[in-house]
Amino acid sequence: MASLSLRHIYKKYPGGVTAVSDFNLEIKDKEFLVLVGPSGCGKTTTLRMIAGLEEITEGELFIGDTLVNDVAPKDRKIAMVFQNYALYPHMTVFENMAFALKLSKTPKAEIKQRVEEAARILDISHLLERKPKALSGGQKQRVALGRAIVRNPKVFLLDEPLSNLDAKLRATMRTELTKLHNRVETTFVYVTHDQVEAMTMATRIVVMKDGLIQQVDTPQTLYDFPVNLFVAGFIGTPQMNFINGALEKKGEDLYFNFENLTIKLPPEKASNEALQEYIGKEVIVGIRPECIHDDNANLALYPDSTIEANVEVTELMGAEIYLYLHVGEETNLTARVPNHSQSRAGETIKIALNTNRLHIFDKETERCICH
C-alpha cells in the first residue's frame with residue numbers, strides 16, 4: 001500500500017502548450033481519490049504521469065518515500081485500468097489476467113491462486129475460460145480490473161473505466177468499484193468527466209480546469225462550499241443556478257436586486273464583513289435547484305424572497321420534478337421539487353428562494369465571497 005505525493009508537477013509539450021500547471025497534491029494511503037473536470041483539463045495527463053506513461057516536465061512524484069520520476073512504469077508497482085479495457089482477444093480471461101504475472105516469472109501455482117482469488121472477488125470465476133469476444137462490456141471491465149488486482153499493486157490508476165458502459169451498468173459498476181476498494185484496501189486514483197461518479201465514489205475529489213487544480217475536498221464539502229463559480233457549476237445535477245444582480249444596503253438590511261426584483265438576504269449575510277465592500281456592486285448569486293420551492297409551506301417560510309416565475313418545461317424524474325423557469329427578461333432557473341408539485345408548463349407561479357443557502361460570487365474573479 002502506498003501514499004502518493006505530487007510536488008509542483010508540470011507537463012509542457014513542444015510549442016508552448018502546458019497541459020498541467022503546478023500540480024500539488026498529497027494522496028493518502030488507501031484513499032479513493034477522483035480527478036474530475038471537463039475534457040482537456042489535464043486529468044488524464046496527470047494520471048499518465050503517475051503511471052510513467054508521460055514524462056514529467058518539472059516537479060517531483062513520490063510513491064511512498066520513493067522518488068519515481070525516472071523509474072520505469074513496470075517498476076512503479078502500480079496498475080492501470082484503461083477506458084477501452086485493452087484485453088488480448090486471442091487469450092482467455094484466465095490468460096489475460098495471468099499475463100503480467102507470467103512476464104515477471106511468478107510460479108504457476110501462485111499465478112493460479114492469485115487469478116482465482118481476483119476472479120472470486122469480481123464474481124467472474126465462471127468466465128475464466130472464455131475469450132473477450134464472448135463477454136459483455138461489464139464483464140470485460142471486470143476482467144481488466146482483475147488483471148490489475150492480481151499484481152497486488154500499491155496504487156490503482158483508473159482512466160474513465162466506466163465510460164463505455166450503458167447507464168444502468170455504470171451505476172452498478174460504481175457500487176462494485178466502491179466495494180472493491182473497501183476489500184483490497186489499496187490507493188485508488190480515478191479519472192472521470194462524470195461528476196456523479198466522482199460524488200458517489202470518492203473519499204476526496206480534485207476538480208481541475210485548464211491544467212490547474214480548482215479545489216480539493218470531500219464530495220459534500222465541494223457541494224456545500226464551492227470556492228469559485230466553476231466548481232459551483234460543475235458539481236451538482238442539475239447544476240447550480242446563477243443570477244446576475246447587485247447588492248444594496250438599507251439600514252441594517254442587505255438586498256439582492258435583479259430583473260427589477262428584490263430579495264432580502266438573511267441577517268448573517270447582511271452582517272458578513274466580506275460582503276460589505278460589494279455593496280452597490282454587481283455580483284453573481286448561486287442557488288441550488290433544491291433550494292427553490294413552489295409549495296405553500298416554503299412560500300410562507302421565505303416571504304422576503306418570494307418572486308413570480310413562468311414555468312416553461314416540467315420533467316418528471318420519478319421521485320421529483322424538475323421545473324425549468326423563466327424570471328423577468330433573461331433569468332432562467334431550474335427548481336427541483338417533490339413529485340406532488342402542482343406546477344404545470346405555461347403557468348405563472350410563485351417561487352421562494354431559500355436565502356440561507358445562497359452562494360455569492362465576485363463577478364470579476366469568480367471567487368466565492370460567502371456561502
Side-chain angles (χ1 to χ4, degrees), residues 220-233 235-236 238-312 314 320-338 340-343 347-371:
Q220 196 63 55
T221 304
L222 276 180
Y223 190 81
D224 292 337
F225 304 105
V227 297
N228 61 27
L229 211 59
F230 176 79
V231 176
I235 299 293
Q239 78 161 53
M240 186 183 285
N241 297 288
F242 297 115
I243 310 169
N244 290 296
L247 294 180
E248 179 188 7
K249 192 151 193 173
K250 295 178 187 171
E252 293 300 309
D253 296 326
L254 190 62
Y255 295 86
F256 176 64
N257 299 324
F258 72 103
E259 297 270 10
N260 295 319
L261 298 166
T262 299
I263 287 171
K264 185 181 175 184
L265 301 185
E268 59 270 23
K269 286 190 169 50
S271 60
N272 187 305
E273 282 188 24
L275 285 180
Q276 303 313 307
E277 63 183 273
Y278 289 90
I279 291 165
K281 295 181 182 176
E282 288 194 359
V283 293
I284 298 171
V285 158
I287 185 165
R288 296 271 182 208
E290 64 269 23
C291 299
I292 300 176
H293 309 282
D294 67 342
D295 59 289
N296 290 331
N298 278 296
L299 291 172
L301 194 59
Y302 303 109
D304 295 327
S305 61
T306 295
I307 57 175
E308 282 194 345
N310 297 315
V311 183
E312 297 198 313
T314 65
E320 56 200 10
I321 294 174
Y322 294 170
L323 303 179
Y324 295 91
L325 309 166
H326 191 71
V327 176
E329 293 294 317
E330 52 189 39
T331 301
N332 293 309
L333 301 174
T334 304
R336 191 154 96 192
V337 298
H340 53 72
S341 167
Q342 298 302 305
S343 299
E347 293 180 348
T348 298
I349 63 169
K350 280 188 161 49
I351 56 170
L353 280 58
N354 179 351
T355 48
N356 297 312
R357 301 284 300 279
L358 291 181
H359 306 265
I360 302 175
F361 301 90
D362 184 306
K363 196 166 184 179
E364 298 302 317
T365 66
E366 298 189 349
R367 303 293 295 176
C368 190
I369 310 161
C370 85
H371 298 288

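A distance of 11.0 Å separates CZ of Phe225 from SG of Cys370, quoted to the nearest 0.5 Å. Separation of atoms CG (Asn310) and CD1 (Ile349) is listed at 9.0 Å; rounding is to 0.5 Å. Rounding to the nearest 0.5 angstrom, the gap separating the OG1 atom in Thr262 from the CG atom in Asp253 is 12.0 Å. Going from atom CD1 of Ile360 over to atom CG of Leu254 covers 7.0 Å, rounded to the nearest 0.5 Å.
For Arg357 (side chain) and Asp224 (main-chain N/O), no donor-acceptor pair under 3.5 Å exists by modelled atom type. Panel note: side chain Glu259, backbone Glu329; a donor-acceptor pair is recorded below 3.5 Å. For the pair Glu252 (side chain) and Ser271 (backbone), a donor-acceptor distance under 3.5 Å is absent. Counting only distance, with no hydrogens or angles, the side chain of Asp295 and the backbone of Asn298 share a donor-acceptor pair below 3.5 Å. A donor-acceptor distance shorter than 3.5 angstrom exists from the side chain of Lys269 to the backbone of His371, with no hydrogens or angles considered. Not a single donor-acceptor pair under 3.5 Å links the side chain of Asp304 to the backbone N or O of Lys264. Without hydrogens or angle criteria, Ser305 side chain to Ile263 main chain gives no donor-acceptor distance under 3.5 Å. Side chain of Asn241 to main chain of Gly286: no donor-acceptor pair is present (N/O by atom type, distance under 3.5 Å, no hydrogens or angles).
Between Leu229 and Ile284, some side-chain heavy-atom pair lies under the 4.5 Å cut-off. By the 4.5 Å heavy-atom criterion applied to side chains, Pro238 and Tyr322 are counted as neighbours. In this structure, Cys368 and Val227 have side chains that are not in contact, with every pair of non-hydrogen atoms separated by 4.5 Å or more. Proximity of Leu265 to Leu247: side-chain heavy atoms (C-beta onward) are separated by under 4.5 Å at one or more points. Side-chain contact check for Leu353 versus Ile351: some heavy-atom pair is nearer than 4.5 Å. Taking the side chain as every heavy atom from C-beta outward, Tyr302 and Asn354 approach each other to under 4.5 Å.
At most 12 non-hydrogen atoms from other residues, nucleotides or ligands lie less than 6.0 angstrom from NZ of Lys350.
Residues Glu268 and Asn272 have side chains that never bring a donor and an acceptor to within less than 3.5 angstrom of each other. For the residue pair Tyr324 / Asn332, no side-chain donor-acceptor distance below 3.5 Å is found, with atom types taken as modelled. With hydrogens and angles left out, the side-chain atoms of Glu366 and Asn228 include no donor and acceptor closer than 3.5 Å.
Residues Asn257 and Glu248 come closest through the heavy atom pair ND2-OE1, 2.6 Å. Residues Leu325 and Ala335 approach most closely at CD1-CB, 4.1 Å, considering heavy atoms. Scanning both residues, Ala274 and Ile369, for their nearest heavy atoms gives O-CG2, 3.6 Å. What you find for Val231 and Pro226 is that their closest heavy atoms are CG1-CB, 3.9 Å.
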Original post:
Leu323 and Thr334: side chain to side chain contact (heavy atoms under 4.5 Å, CB included), yes or no, with the steps?
Top reply: CA-CA 6 Å; Leu323 303 179; Thr334 304; over 6 Å; no
**OP:** Please step through side chain to side chain contact (heavy atoms under 4.5 Å, CB included) for the pair Val327 and Phe258, ending with a clear verdict.
**Re:** CA-CA 10 Å; Val327 176; Phe258 72 103; 4.1 Å; yes
Original post:
Is there a side chain to side chain contact (heavy atoms under 4.5 Å, CB included) between Tyr223 and Arg288 once you walk through the steps?
Top reply: CA-CA 10 Å; Tyr223 190 81; Arg288 296 271 182 208; 3.4 Å; yes
Original post:
Step by step, would you call Ile292 with Leu333 a side chain to side chain contact (heavy atoms under 4.5 Å, CB included)?
Top reply: CA-CA 9 Å; Ile292 300 176; Leu333 301 174; 4.2 Å; yes
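Between Phe256 and the options Thr355, Leu358, Val283, Leu261, a side-chain contact (heavy atoms from CB on, under 4.5 Å) holds for only Val283.
Geometrically, Lys249 does not engage Tyr255 in a cation-pi contact, judged by NZ or CZ lying under 6.0 Å from the ring centre and within 45° of the ring axis.
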